[in-house]
Amino acid sequence: MSVLQPVRGTHDLLAEESRRHRRVEEVAFETARRYGFGEIITPIFEFTEVFSRTLGETSDVVTKEMYTFADRSGDSITLRPEGTAGVARAFISGGLSQHLPLKLFYRGPMFRHERPQKGRLRQFHQVGVELLGVESPQADVEVIALGAQMLAALGLKDKVRLELNTLGDAESRAAYRDALVGYLSGYEDRLSKDSLDRLQRNPLRVLDSKDEADKAVVAGAPLLTEYLNDASRSFFEQVQAGLAAVGVGAEVSPRLVRGLDYYCHTAFEFTTTALGAQGTVLAGGRYDGLISQMGGPATPGIGWAAGIERLSMLLDETPSADRPVAVIPMGADLGALPLAQRLRQAGFAVDLGYSGNVKKRLNRANKVNARAAVILGEDELARNAVAVRDLDSGEQEEVPLAVLEERLARFR
RNA sequence: GCGGGUGUAGCUCAGUUGGUUAGAGCGCCAGGUUGUGGUCCUGGAUGUCGUCGGUUCGAAUCCGAUCACUCGCCCCA
C-alpha cells in the first residue's frame with residue numbers, strides 16, 4: 001500500500017480498539033487499587049545492564065529480543081522488554097526499602113524484537129503488579145487472587161484457567177536441576193535439537209517440550225516435588241491452601257516453568273485456548289533473589305504481568321463510546337459555539353459540526369451516536385428557547401434557555 | 001531467527017486459459033427545493049492491483065527479490 005507503514009509489529013490503536021485497550025487498563029488499575037496497590041510509572045528505557053543482569057545473560061529476551069541502542073553520550077540504552085526489572089531498579093535507586101511492604105501497579109508499552117504473530121507484537125502493552133518485602137505465602141495468594149479478580153471483572157473467568165507450580169527455593173531448585181541434567185544427559189541421542197540447546201541454557205524448559213520424542217524421555221524424568229526441601233514443600237502447600245480459602249481454583253502443573261532466571265517458589269500462568277499459539281494471558285511468580293542480585297538490600301518479591309492486547313482480544317464486547325449531545329444551528333450566527341461552550345463547561349460531551357444544513361448535521365449526530373440534539377432556530381431563539389430532540393425516541397420539545405442544562409441532564 | 005499461507009478502492013471481496021478505459025457490496029460525498037436524522041431512490045468520487053525488478057507484442061494475472069499481515073516453531077504477555 002503506502003510507503004508509510006508502521007514499523008513491523010507496531011500498531012495504531014483507535015476507536016474500538018483503543019476503548020478495549022483502555023477498558024483492560026482501567027479494570028486492572030481499579031482491581032489493583034482495591035488490593036491496596038498504588039501506581040508506579042517508570043521510564044520506558046533503562047541502562048541495558050538493568051535488563052541484561054536481571055533477566056539472565058542467556059535468556060532469549062536478552063540474547064535476541066532487546067531494542068538496544070547507544071545514546072548520544074555513548075551509554076547503552078534498552079527499551080524495556082518487561083516491567084519487573086525497572087520496578088526493581090526504581091526500588092533500589094529510590095531507597096524504597098524504607099516503605100515495605102510495597103505494593104505497586106504499572107502499565108505501559110514493552111518492546112521485544114520478535115517475529116510478530118497474533119497476540120504477539122514488537123511494541124505491546126502490559127499491566128502488572130509487584131508486591132515487595134513479604135516473605136509469607138500470603139503475598140503469593142493475594143497477588144494471584146488479584147489477577148483472578150481482574151480477569152473475572154473483565155468477564156474472562158470462563159475463558160482462562162490458572163496453572164500453578166513451585167520451583168522451590170534456591171537449594172531445592174539446584175538439587176533438582178542437577179538431578180534433571182544428570183537424567184537427561186543419558187538421553188542426548190533421543191532429545192530434539194531444541195531440547196539439547198535447552199539442556200545447556202535452561203534445563204527445566206525441556207520438561208515443557210512439545211516434541212514427541214522429548215515427551216517420551218521427559219515421562220521418566222525425576223520430579224521436582226521429589227527434590228523440594230521441607231521449607232519449600234510447606235510454602236507451596238500454604239499457597240495452595242490460601243488460594244482454596246479465597247475461592248481461586250488452580251491446577252498444579254508440574255511442567256510449568258519460568259523463562260527468567262530470577263524466579264523461585266511460586267510460578268503461575270492464566271492461560272486461554274482462544275489465542276492460538278499465544279496461550280498465556282497473565283503470568284508471574286516469586287522472585288526473592290532479584291533485588292539483592294541487582295545490588296539492593298535482600299528483599300523478597302512476587303508479581304505478575306498481563307498482556308493488554310491479548311486480554312483485549314478476549315473481551316466479549318467493545319465498551320461503547322460516549323454519547324454526546326449534538327448542538328445544531330439552523331443558520332449562521334445563532335450562537336451555537338457559545339452555547340456548546342456553555343454546555344461543555346457544565347459537563348456535557350458536546351458534538352458541534354463545522355458545516356452543513358440541519359439534515360446533514362442530524363445525520364452527523366447519528367453517526368457520532370448522539371443521545372440528543374439541541375436545535376437552534378430563529379423562532380425559538382426569539383422566545384429565548386431551543387428545541388431539544390431525543391434522538392432515540394424522536395420526541396422533541398421546546399426548552400427555555402434558562403433551564404437547558406437541567407432539562408438535558410437525563411441525556412448525560 | 002526458522003518453515004507454510006496471503007497481499008486488488010476506507011472495509012469485505014470478485015477478476016475467467018496473461019489481451020483494450022480493473023469491478024461489486026458496504027462505507028464516503030452530493031441531490032430527492034424553503035427549519036429536522038436513523039429507511040428508501042438517484043447520481044458521484046476513490047485504486048501507482050503491497051513495492052521493486054524480470055519474462056512477454058502485452059501482466060492484477062507468470063518468475064524473482066523485498067516489505068507487511070497471518071499460521072506454526074523457538075520463546076513469551
Side-chain angles (χ1 to χ4, degrees), chain A residues 1-11 15 24 28 55 58-65 80-84 107-128 147 160 192-195 197-198 201-202 205 208-211 257-260 269-272 275-284 303-314 326 328-331 334 353 355-381 386-396:
Chain A
M1 208 106 347
S2 166
V3 206
L4 292 176
Q5 289 176 327
V7 172
R8 180 174 211 190
T10 67
H11 285 291
V24 171
L55 301 178
T58 61
S59 70
D60 272 40
V61 170
V62 170
T63 54
K64 57 183 199 188
E65 294 174 1
R80 65 183 184 194
E82 57 97 48
T84 303
R107 55 179 143 192
M110 305 292 166
F111 306 84
R112 263 128 78 163
H113 192 103
E114 299 185 273
R115 177 104 177 227
Q117 255 181 73
K118 181 180 193 172
R120 161 184 255 168
L121 303 162
R122 288 187 173 179
Q123 176 177 338
F124 61 105
H125 300 79
Q126 290 185 330
V127 289
V160 299
S192 67
K193 186 173 167 299
D194 280 337
S195 282
D197 197 40
R198 293 183 183 108
R201 290 175 29 203
N202 192 348
R205 275 264 159 233
D208 209 16
S209 175
K210 288 164 192 163
D211 183 272
V257 294
R258 306 266 78 212
L260 306 181
E269 284 185 9
F270 286 86
T271 61
T272 178
L275 293 177
Q278 281 64 244
T280 304
V281 120
L282 181 157
W304 52 250
I308 297 180
E309 284 83 357
R310 291 185 184 177
L311 292 174
S312 167
M313 284 189 284
L314 292 178
I328 299 181
M330 290 203 281
L334 294 179
S355 64
N357 56 26
V358 184
K359 182 173 180 171
K360 258 183 158 156
R361 286 171 183 266
L362 274 165
N363 240 312
R364 178 184 159 78
N366 281 327
K367 231 167 284 175
V368 299
N369 196 26
R371 179 68 185 80
V374 173
I375 303 171
L376 282 59
E378 287 179 10
D379 296 352
E380 290 86 344
L381 286 173
V386 294
V388 172
R389 186 177 180 84
D390 182 327
L391 290 173
D392 286 348
S393 69
E395 285 168 35
Q396 185 167 323

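Letters A, B, ... mirror the listed sequences (proteins, then strands); counts begin at 1.
Base pairing annotation: B:U17 forms no Watson-Crick or G-U wobble pair, as no partner gives both donor-acceptor distances under 3.5 Å. When both distances must be under 3.5 Å, the Watson-Crick or G-U wobble mate of B:U34 does not exist. With both pairing distances under 3.5 Å, B:G10 is matched to B:C26 as a Watson-Crick or G-U wobble pair. Base pairing annotation: B:U56 forms no Watson-Crick or G-U wobble pair, as no partner gives both donor-acceptor distances under 3.5 Å. When both distances must be under 3.5 Å, the Watson-Crick or G-U wobble mate of B:A65 is B:U51. Under the Watson-Crick or G-U wobble criterion, with both distances below 3.5 Å, B:C2 is paired with B:G72.
Distance CG (A:Leu121) to C1' (B:A68): 14 Å, rounded to an integer number of Å. Distance A:Arg80 CZ to B:A77 C1': 13 Å, rounded to the nearest Å. Put simply, CD1 on A:Ile328 is 12 Å from P on B:U36, counting in whole angstrom units. For the pair A:Lys118 NZ and B:A68 C1', the interatomic distance rounds to 18 Å; values are reported in whole Å. The distance from atom CD of A:Glu378 to atom P of B:U34 is 16 Å, rounded to the nearest whole Å. In this structure, the NZ atom of A:Lys360 is 15 Å from the P atom of B:U36, given to the nearest Å. Atom-to-atom, CG of A:Leu311 to C1' of B:C76 comes out at 14 Å; the value is rounded to the nearest Å. Taking atom CD on A:Glu309 and atom P on B:C76, their separation rounds to 18 Å, with Å as the unit.
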For a side chain to side chain contact (heavy atoms under 4.5 Å, CB included) check, start with the C-alpha distance between A:Met313 and A:Lys118, then their side-chain angles and the critical distance, and finish with the verdict.
CA-CA 10 Å; A:Met313 284 189 284; A:Lys118 181 180 193 172; 4.3 Å; yes
Between A:Glu82 and A:Arg112, is the side chain to side chain contact (heavy atoms under 4.5 Å, CB included) condition met? List the steps.
CA-CA 9 Å; A:Glu82 57 97 48; A:Arg112 263 128 78 163; 3.9 Å; yes
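Each of A:Gly119 and A:Thr10 was assigned the nucleotide of RNA chain B with the nearest heavy atom; the assignment lying further toward the 5' end belongs to A:Thr10. Along RNA chain B, the nucleotide closest to A:Pro116 and the one closest to A:Gly377 are compared, and the more 5′ of them pairs with A:Gly377.
Atom name C1', nucleotides B:C52 and B:A59: the rounded distance is 15 Å, in whole Å. Comparing B:G43 with B:G4, their P atoms sit 49 Å apart, to the nearest whole Å. B:A77 sits 38 Å from B:A14 when the P atoms are compared, rounded to a whole Å. Atom C1' of B:U8 sits at a distance of 13 Å from the matching atom of B:A24, rounded to the whole Å. Across B:C76 and B:U6, the matching P atoms stand 31 Å from one another, rounded to whole Å. The same atom, C1', is picked in B:C29 and in B:U66; the two are 37 Å apart, to the nearest Å. To the nearest whole angstrom, the two P atoms, one in B:G38 and one in B:A45, are 24 Å apart. For B:G18 and B:G58, the P atoms lie 16 Å apart once the distance is rounded to whole Å.
Among the nucleotides B:A77, B:G37, B:U36, the one closest to the side chain of A:Asn366 is B:G37. For A:Asp194, the listed nucleotide lying nearest its side chain is B:C73; candidates were B:C73, B:G35, B:C69. Side-chain proximity of A:Met330 to B:C75, B:G35, B:C76: nearest is B:G35. Here the nucleotide nearest the side chain of A:Gln117, chosen from B:G37, B:A68, B:C71, is B:C71. Picking from B:C75, B:G72, B:G37 the nucleotide with the shortest atom distance to the side chain of A:Arg115 gives B:G72. Of the candidate nucleotides B:C75, B:G37, B:A77, B:C75 has the atom nearest to the side chain of A:Arg198.
At a cut-off of 3.5 angstrom, counting only N and O atoms as typed in the model, there is a donor on one side and an acceptor on the other between the side-chain of A:Arg112 and the base of B:A77. For A:Glu380 against B:G35, a side-chain N or O and a base N or O form a donor-acceptor pair under 3.5 Å. Under 3.5 Å, the side chain of A:Asn363 and the base of B:G37 form no donor-acceptor pair of N or O atoms. One N or O donor and one acceptor, one from the side chain of A:Arg310 and one from the base of B:C76, sit under 3.5 Å apart. Side-chain atoms of A:Arg361 and base atoms of B:G37 include no donor and acceptor less than 3.5 Å apart.
A:Pro109 has its side chain within reach of A:His125: a pair of non-hydrogen atoms, C-beta onward, lies under 4.5 Å apart. A 4.5 Å side-chain heavy-atom check between A:Arg310 and A:Leu314 finds every atom pair outside the cut-off. Under the 4.5 Å side-chain criterion, counting only non-hydrogen atoms from C-beta, A:Ile328 is not in contact with A:Val374. Between A:Val7 and A:Arg122 the shortest side-chain heavy-atom distance does not fall below 4.5 Å.
A:Gly9 comes within 4.0 angstrom of the backbone, heavy atoms only, and of no base. Among the atoms of the strands shown, base atoms are found under 4.0 Å from some heavy atom of A:Asp392. Note on A:Gly331: nothing from the nucleic acid sits closer than 4.0 angstrom, heavy atoms only. Contacts of A:Arg389 with the nucleic acid, taken as non-hydrogen atoms under 4.0 Å apart, include base atoms.
Using modelled atom types, one finds a donor on one side chain and an acceptor on the other under 3.5 Å when comparing A:Thr280 with A:Glu269.
Among A:Asp379, A:Leu376, A:Ile375, A:Asn357, the single residue meeting the side-chain contact (heavy atoms from CB on, under 4.5 Å) criterion with A:Met330 is A:Ile375.
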